[in-house]
*Asks:* 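Just dropping this structure here.
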Amino acid sequence: MNLTSSEIGKLGEIATLYEVAAYPKPGNVHRTHDFENMSFEDFLVSSVVIKDNLQHVAEKTFKCYPNLLNEVNLGENILNCVKDTNNLVNTNTNLGISMLLIPIASAVATLVNHDSINSLADNLDILIKNTQVNDAIALTNSIKISHAGGMQNKPSKYDINDSDTIDEIIENKITMYDLLKISEKYDKISYDLVNKLPVITKIGYPEYINVINDFSRNDATIQTYLTILANVPDTLISRKYGEEISNNISKMAKEILDNTDIGTKNRLDALNKFDSYLHNKKYNPGTTADFTAASLFVGLLDKYFNTGI
């Protein structure tokens, strides 16, 4: 599997555009619904920004793989993506997406010749385990400047709200992999990154591939989103409102999947009702949106390599 860094960057941008434009994506920003502090256009800007950062990490990986993995600098690339976005958008629109797409783009750059997308998770695991202290510092700073939701009072020795955290990371030689292992208990993105992408490779990506040839890109994206939400209670909602509410929202998503068909009026009516409920309650399945973008990215990479978009 050989893709250029430019192709990897473009496909990442397309994946994030598909995700934010999907309508109606219950509880999140989409083409007909903004939040008070972030708009549909903010996410369009973020999609443009992420392209160059994905291309850059892919180029770096091409040069470093397989003997200089400690120099890929995944954390720095995530931080640069967040910084570049903050220069243009005054809110956190892409921390989670960057944490997923940057390592995926790097892992894709390791797939050559006989390798297929099926090797992606194993190669990403190797990259994550070769991260360094500087990656941990960069990731911590990324989370700080993004003001990630629901991060108060987390029971972690390396709490981002603690002014001594950076010094402790340096003193104890904590890597980005170490930080992700610590936070996997309460953060699904961290869990996915240190466990070979189970949400993306076993739930999101397979569902997208399963439906994309028979339905519109919008319907395929919404189906992927619902499938992830139905199977994986959303981290952002869990952190803000508790696991009971997060679990109930997953049950609601599953009911829509079980009782309506893709592309029908019944599905659209159920989605609109679900969307209104979540927005009225301010329940935002933001992590599910991040997983959806990442699942589409893997699906597009696979599809592009085999048949083109």
*Asks:* Rounded to the nearest 0.5 Å, what separation is found between the CG atom of Asn213 and the CD1 atom of Ile209?
*Replies:*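 Nearest 0.5 Å value for the CG-CD1 distance: 7.5 Å.
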
*Asks:* Would you give the length of the straight line joining atom OG1 of Thr175 to atom CG of Leu74, rounded to the nearest 0.5 angstrom?
*Replies:*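 Rounded to the nearest 0.5 Å, the OG1-CG separation comes out at 11.0 Å.
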
*Asks:* Which pair of heavy atoms, one from Asn53 and one from Ile102, lies closest together, and at what distance?
*Replies:*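 So the minimum-distance heavy-atom pair works out to O-CD1, 3.9 Å.
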
*Asks:* Any side-chain heavy atom of Tyr225 within less than 4.5 Å of one from Pro26?
*Replies:*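 They are in contact (side-chain heavy atoms under 4.5 Å apart), so the answer is yes.
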
*Asks:* Please check this pair: side chain of Lys60 against backbone of Glu71, looking for a donor-acceptor N/O pair closer than 3.5 Å.
*Replies:*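 Checking the backbone N and O of Glu71 against the side chain of Lys60, a donor-acceptor pair under 3.5 Å is found.
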
*Asks:* Is there a side-chain contact between Tyr283 and Ile245 in this structure, where contact means two heavy atoms from C-beta onward sitting under 4.5 Å apart?
*Replies:*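 They are in contact (side-chain heavy atoms under 4.5 Å apart), so the answer is yes.
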
*Asks:* Do the non-hydrogen side-chain atoms of Leu180 and Met99 ever get within less than 4.5 Å of each other?
*Replies:*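 Sidechains of Met99 and Leu180: in contact.
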
*Asks:* Would Ser142 and Leu95 count as a side-chain contact (heavy atoms from CB on, under 4.5 Å) here? Give the steps.
*Replies:* CA-CA 7 Å; Ser142 299; Leu95 172 64; 4.0 Å; yes

*Asks:* Should the heavy atoms of other residues, nucleotides or ligands under 6.0 Å from NZ of Lys144 be counted, would the total exceed 12?
*Replies:*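 Atom NZ in Lys144 is crowded, with more than 12 foreign heavy atoms closer than 6.0 Å.
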
*Asks:* Can you name the side chain to side chain donor-acceptor pair (under 3.5 Å) partners of Lys51, sequence neighbours left out?
*Replies:*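 Expected list: none.
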
*Asks:* Just do the side-chain contact (heavy atoms from CB on, under 4.5 Å) check on Ser250 and Asn231 with the steps written out, would you?
*Replies:* CA-CA 7 Å; Ser250 289; Asn231 285 278; over 6 Å; no

*Asks:* Among Thr288, Asn284, Asn247, find the residue that satisfies the side-chain hydrogen bond (donor to acceptor under 3.5 Å, both in side chains) test when tested with Asp234.
*Replies:*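 Output: one option passes, namely Thr288.
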
*Asks:* For a quick test of reading the model, state the closest non-hydrogen atom pair linking Ile145 to Asn86 and the distance between them.
*Replies:*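 Reported closest heavy-atom pair: O-ND2, 3.5 Å.
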
*Asks:* Determine, using the 4.5 Å side-chain heavy-atom cutoff (strictly less than), whether Leu296 and Val211 are members of one ILVMFWY cluster.
*Replies:*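 Different clusters.
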
*Asks:* Show your reasoning for whether side-chain contact (heavy atoms from CB on, under 4.5 Å) applies to Lys240 and Leu236.
*Replies:* CA-CA 6 Å; Lys240 286 185 174 182; Leu236 184 58; 3.9 Å; yes

*Asks:* Identify the heavy atoms of Leu226 and Leu271 that sit nearest to each other, and give their distance.
*Replies:*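 In this case the closest contact between Leu226 and Leu271 is CD1-CD2, 3.7 Å.
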
*Asks:* Are Asp269 and Lys273 ion-paired here, with the side-chain N under 4.0 Å from a carboxylate O?
*Replies:*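 No.
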
*Asks:* Could you check whether any side-chain N or O of Ser146 sits under 3.5 Å from a backbone N or O of Ile143, counting only pairs where one atom can act as donor and the other as acceptor?
*Replies:*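 The answer is no, because no donor-acceptor pair under 3.5 Å joins these two groups.
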
*Asks:* So that I know where these two stand, are Phe35 and His279 an aromatic pair - ring centroids less than 6.0 Å apart?
*Replies:*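 Yes.
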
*Asks:* Between Lys25 and Glu19, does any side-chain N to carboxylate O distance fall below 4.0 Å?
*Replies:*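 Salt bridge: yes.
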
*Asks:* Have a look at Ser46 and tell me which of Asn94, Thr93, Asp84 forms a side-chain hydrogen bond (donor to acceptor under 3.5 Å, both in side chains) with it.
*Replies:*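 So the option named by the test is Thr93.
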
*Asks:* Step by step, would you call Asn134 with Glu76 a side-chain hydrogen bond (donor to acceptor under 3.5 Å, both in side chains)?
*Replies:* CA-CA 8 Å; Asn134 64 300; Glu76 179 184 345; 5.2 Å; no

*Asks:* Would you say His30 has more than 12 foreign heavy atoms packed within less than 6.0 Å of its NE2?
*Replies:*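 Yes, NE2 of His30 has more than 12 neighbouring heavy atoms, counting only those of other groups under 6.0 Å.
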
*Asks:* Let me check something: do Val108 and Ile50 share a hydrophobic cluster, defined by ILVMFWY side-chain heavy atoms less than 4.5 Å apart, either directly or through other members?
*Replies:*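 Looking at the clustering, Ile50 is in the same group as Val108.
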
*Asks:* Once rounded to the nearest 0.5 Å, what's the spacing between atom CG of Asp187 and atom CG of Leu179?
*Replies:*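 CG of Leu179 is found 11.5 Å from CG of Asp187.
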
*Asks:* CG/Asn123 to OG/Ser106 distance, rounded to the nearest 0.5 angstrom?
*Replies:*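 Asn123 atom CG to Ser106 atom OG measures 9.5 Å (nearest 0.5 Å).
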
*Asks:* Over all heavy atoms of both residues, which pair between Asn28 and Gly286 is shortest? Give the atoms and the distance, please.
*Replies:*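 Taking every non-hydrogen atom into account, OD1-CA, 3.7 Å.
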
*Asks:* Take Asn130 and Tyr177 through the test side-chain hydrogen bond (donor to acceptor under 3.5 Å, both in side chains) and record every step on the way to the result.
*Replies:* CA-CA 8 Å; Asn130 275 275; Tyr177 175 78; over 6 Å; no

*Asks:* Could you walk me through whether Arg267 and Gln223 satisfy the side-chain contact (heavy atoms from CB on, under 4.5 Å) test, starting with their C-alpha distance in whole Å, then the side-chain angles of each, then the deciding distance to 0.1 Å, before giving a yes or no?
*Replies:* CA-CA 10 Å; Arg267 170 63 63 89; Gln223 178 71 10; 2.9 Å; yes

*Asks:* Test side-chain hydrogen bond (donor to acceptor under 3.5 Å, both in side chains) on Thr221 and Asn218 and set out the steps.
*Replies:* CA-CA 5 Å; Thr221 301; Asn218 184 76; over 6 Å; no

*Asks:* Kindly compute the distance separating CG (Asp167) from CD1 (Ile137), expressed to the nearest 0.5 Å.
*Replies:*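 That separation rounds to 9.0 Å.
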
*Asks:* Does Asn90 have more than 12 heavy atoms from other residues, nucleotides or ligands lying within 6.0 Å of its CG?
*Replies:*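 No - once you tally the heavy atoms of other residues, nucleotides and ligands closer than 6.0 Å, there are 12 at most.
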
*Asks:* Less than 3.5 Å apart, any donor N or O on the side chain of Asn77 or His56 sitting next to an acceptor on the other?
*Replies:*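 Short answer, yes.
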
*Asks:* For a salt bridge (Lys or Arg N to Asp or Glu O under 4.0 Å) check, start with the C-alpha distance between Lys188 and Asp192, then their side-chain angles and the critical distance, and finish with the verdict.
*Replies:* CA-CA 6 Å; Lys188 283 292 184 181; Asp192 228 48; over 6 Å; no

*Asks:* If only atom types and distance count, is the side chain of Asp125 paired as donor or acceptor with the main-chain N or O of Ala121 below 3.5 Å?
*Replies:*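 It does not hold such a pair.
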
*Asks:* CE of Met176 to CG of Leu139: how many Å apart, nearest 0.5 Å?
*Replies:*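 So the CE of Met176 and the CG of Leu139 are separated by 5.5 Å.
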
*Asks:* Side-chain contact test, heavy atoms from C-beta onward, threshold under 4.5 Å: evaluate it for Thr235 versus Tyr186 and give yes or no.
*Replies:*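 No, side chains not in contact.
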
*Asks:* So which atom in Gly9 and which in Leu54 form the shortest heavy-atom distance, rounded to 0.1 Å?
*Replies:*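 So the two residues come closest at CA-CB, 4.0 Å.
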
*Asks:* Are Val49 and Val89 connected in a single hydrophobic cluster, I mean Ile/Leu/Val/Met/Phe/Trp/Tyr linked by side-chain heavy atoms less than 4.5 Å apart?
*Replies:*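 Per the 4.5 Å side-chain linkage, Val89 and Val49 are co-clustered.
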
*Asks:* Any chance you could lay out the side-chain hydrogen bond (donor to acceptor under 3.5 Å, both in side chains) test for Arg31 and Tyr23, step after step, and finish with the verdict?
*Replies:* CA-CA 6 Å; Arg31 67 180 80 170; Tyr23 160 83; over 6 Å; no

*Asks:* Taking the side chain as everything from C-beta on, heavy atoms only, tell me whether Phe291 gets closer than 4.5 Å to Tyr205.
*Replies:*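 A side-chain contact under 4.5 Å is absent here.
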
*Asks:* Does NZ in Lys83 sit with more than 12 non-hydrogen atoms of other residues, nucleotides or ligands closer than 6.0 Å?
*Replies:*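 Not buried by this count: 12 neighbours or fewer within 6.0 Å.
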
*Asks:* What I want to check is whether the side chains of Asp261 and Thr264 have a donor and an acceptor closer together than 3.5 Å.
*Replies:*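 Distance-only check fails for Asp261 and Thr264.
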
*Asks:* Which pair of non-hydrogen atoms, one from Tyr241 and one from Lys282, has the smallest distance, and what is that distance?
*Replies:*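 Nearest heavy atoms, Tyr241 then Lys282: OH-O, 2.9 Å.
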
*Asks:* With no hydrogens and no angle check, is any side-chain donor or acceptor of Asn266 less than 3.5 Å from a backbone partner on Thr260?
*Replies:*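 Not a single qualifying donor-acceptor pair exists.
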
*Asks:* Answer yes when Glu7 and Lys10 have at least one side-chain N-carboxylate O distance shorter than 4.0 Å, and no when they do not.
*Replies:*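 No, Glu7 and Lys10 are not salt-bridged.
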
*Asks:* Hydrophobic clusters here meaning ILVMFWY residues chained together by side-chain heavy-atom distances under 4.5 Å, can you tell me if Leu124 and Phe305 are in one?
*Replies:*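 Yes, Leu124 and Phe305 fall within the same hydrophobic cluster.
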
*Asks:* Examine distances only and state if a side-chain atom of Asn210 and a backbone atom of Glu207 form a donor-acceptor pair shorter than 3.5 Å.
*Replies:*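 Between the backbone of Glu207 and the side chain of Asn210 there is no qualifying donor-acceptor contact (under 3.5 Å).
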
*Asks:* Would you say that more than 12 heavy atoms from the other residues, nucleotides or ligands in this model lie under 6.0 Å from the CD of Glu41, or not?
*Replies:*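 Yes, enclosed.
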
*Asks:* Is it true that Tyr191 and Leu101 fall in one hydrophobic cluster, defined by side-chain heavy atoms closer than 4.5 Å?
*Replies:*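 No, it is not one cluster - the side chains of Tyr191 and Leu101 are not joined through contacts under 4.5 Å.
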
*Asks:* Is Asp122 salt-bridged to Lys196, going by a charged N under 4.0 Å from an acidic O?
*Replies:*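 Yes, charged N to carboxylate O under 4.0 Å.
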
